[in-house]
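A short worksheet on the structure shown next.
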Amino acid sequence: MAAQLPYPEIAQIFARFRAAEPEPKGELEHSSAFTLLVAVALSAQATDKGVNLATRKLFAVADTPERMLALGVEGVTEHIRTIGLFRNKAKNVIALSQRLIDAFGGEVPASRAALQSLPGVGRKTANVVLNMWFRIPAQAVDTHVFRVANRTGIAPGRDVIAVERAIEDQVPAPYQQHAHHWLILHGRYVCKARKPACAACLIREYCRYEEKNL
DNA sequence: ATCCCGAGGG
DNA sequence: CCCTCTGGAT
């Protein structure tokens, strides 16, 4: 592999993120590895606000694989109908619960391969669970991270795998654990898809996006 | 019309 | 690689 070009100000960028938010958290509500896994699996093409509304009702009656199975696909569907892609997701939540019981003793596994063997769990969801629950500095690249990494030039890449590797290669070790949430929160509230709030951006002086797009 | 903490199938 | 699933927000 050729040496990566270092982003010159990357340490300063993350120092600013950390100063503004020392312990960045995700915004998906959960109380266990299982409820986190389900919440993340439900979050595809949905706002986390909408996911939280649905999971509050769902987890009130089913916060374990066993209780989820007792609800059945129909029961899960009733609770998550307001989330996008709800039919597939309801099926996945039940199948995932069944497989957790059959193959993993009802526990959420701590490896990416095992997580990705669960129905409805892809690389991004697996990385989020590894990062948030197991404290492994895995880099989940969702729509926000992908956009921010490319726009700012922090970790450019044509696809999510390339961006994931770029973050691992470019972001200094002390910032790896929280890089995911810093980037995602920055993308959600400042470096937005439609109208990026460049005037309010903490790292504006390190970013060339605004001048290139005006 | 476009986007939201994507994944699976063809 | 492409397509489909899907409701709600902007």
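Throughout, protein chains are lettered first and strands after them, A, B, ... in sequence-line order, and every chain is numbered starting at 1.
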Task: C:dA9 versus B:dA7 - spacing of their P atoms, nearest Å - done: 23 Å
Open item on the list: Determine whether a donor-acceptor pair (N or O, by modelled atom type, separation under 3.5 Å) exists between the side chain of A:R16 and the backbone of A:I203.
Closed with: no
TODO: Report the distance from atom NZ of A:K91 to atom P of B:dG6, rounded to the nearest whole Å.
DONE: 20 Å
Open item on the list: Regarding A:G187, tell me which of base, sugar-phosphate or nothing describes its non-hydrogen contacts under 4.0 Å with the strands shown.
Closed with: nothing
TODO: With heavy atoms under 4.0 Å as the rule, sort A:V128 into base, sugar-phosphate or nothing.
DONE: base
- [ ] Take atom P in C:dG8 and the same atom in B:dG8, then report the distance between them in whole Å.
- [x] 24 Å
Open item on the list: Using salt bridge (Lys or Arg N to Asp or Glu O under 4.0 Å), reason through A:R18 and A:E21 one step at a time and then give a plain yes or no.
Closed with: CA-CA 5 Å; A:R18 185 172 63 185; A:E21 187 61 76; over 6 Å; no
- [ ] Let me know the distance between NE2 of A:H181 and C1' of B:dC5, rounded to the nearest Å.
- [x] 8 Å
- [ ] Respond yes when some side-chain nitrogen or oxygen of A:T143 is under 4.0 Å from OP1 or OP2 of B:dC4, and no when none is.
- [x] yes
- [ ] Report the residue (A:N92 or A:K25) whose heavy-atom-nearest nucleotide on DNA chain B is the more 5′ of the two.
- [x] A:K25
Task: Distance, rounded to the nearest Å, where A:L96 contributes CG and B:dG6 contributes C1' - done: 14 Å
Task: A:R67 and its side chain to side chain contact (heavy atoms under 4.5 Å, CB included) partner, picked from A:L71, A:L69, A:T64 - done: A:T64
TODO: Without swapping roles, check the side chain of A:K89 against the backbone of A:A44 for a donor-acceptor pair under 3.5 Å.
DONE: yes
- [ ] Check whether any side-chain N or O of A:R188 sits under 4.0 Å from OP1 or OP2 of B:dC3, and answer yes or no.
- [x] no
TODO: May I ask you to say what A:V145 touches in the nucleic acid, namely base, sugar-phosphate or nothing, with a heavy-atom cut-off under 4.0 Å?
DONE: nothing
Task: B:dC3 to C:dT6 separation - C1' atoms, rounded to the nearest Å - done: 13 Å
Open item on the list: Quick check against the 3.5 Å criterion: does A:R151 have a side-chain atom that pairs as donor or acceptor with the backbone of A:Y209?
Closed with: no
Task: For atom CG of A:L115 and atom P of B:dG8, their distance in whole Å - done: 12 Å
Open item on the list: Output one letter per nucleotide in nucleotides 4-9 of chain C: B when a protein non-hydrogen atom lies under 4.0 Å from the base, S when only the sugar-phosphate is that close, - when neither is.
Closed with: -BBBSB
TODO: For C:dC5 and B:dC4, measure between their C1' atoms and round to the nearest Å.
DONE: 14 Å
- [ ] State whether the number of non-hydrogen atoms from other residues, nucleotides or ligands found under 6.0 Å of A:R135 atom CZ is greater than 12.
- [x] yes
Open item on the list: Rounded to whole Å, please give me the gap between CG in A:D159 and C1' in B:dG6.
Closed with: 14 Å
- [ ] In whole angstrom, give the distance that lies between atom NE2 of A:H144 and atom C1' of B:dC4.
- [x] 6 Å
Task: Interatomic distance at C1', B:dG9 relative to C:dG7, whole Å - done: 22 Å
Task: Within residues 40-51 of chain A or reaching into it, pairs that qualify as side-chain hydrogen bond (donor to acceptor under 3.5 Å, both in side chains) - sequence neighbours excluded - done: A:D48-A:R188
Task: Nearest-angstrom distance, P atom, B:dT2 to C:dC3 - done: 15 Å
Open item on the list: Rounded to whole Å, please give me the gap between CD in A:E164 and C1' in B:dG6.
Closed with: 14 Å
Open item on the list: Under a 3.5 Å distance rule, please check whether A:R112 uses its side chain to pair with a backbone N or O of A:N127 as donor and acceptor.
Closed with: no
Open item on the list: Please classify the nucleic acid contact of A:G120 as base, sugar-phosphate, or nothing, using heavy-atom distances under 4.0 Å.
Closed with: sugar-phosphate
Open item on the list: What is the distance, to the nearest angstrom, from the CD atom on A:Q116 to the P atom on B:dA7?
Closed with: 8 Å
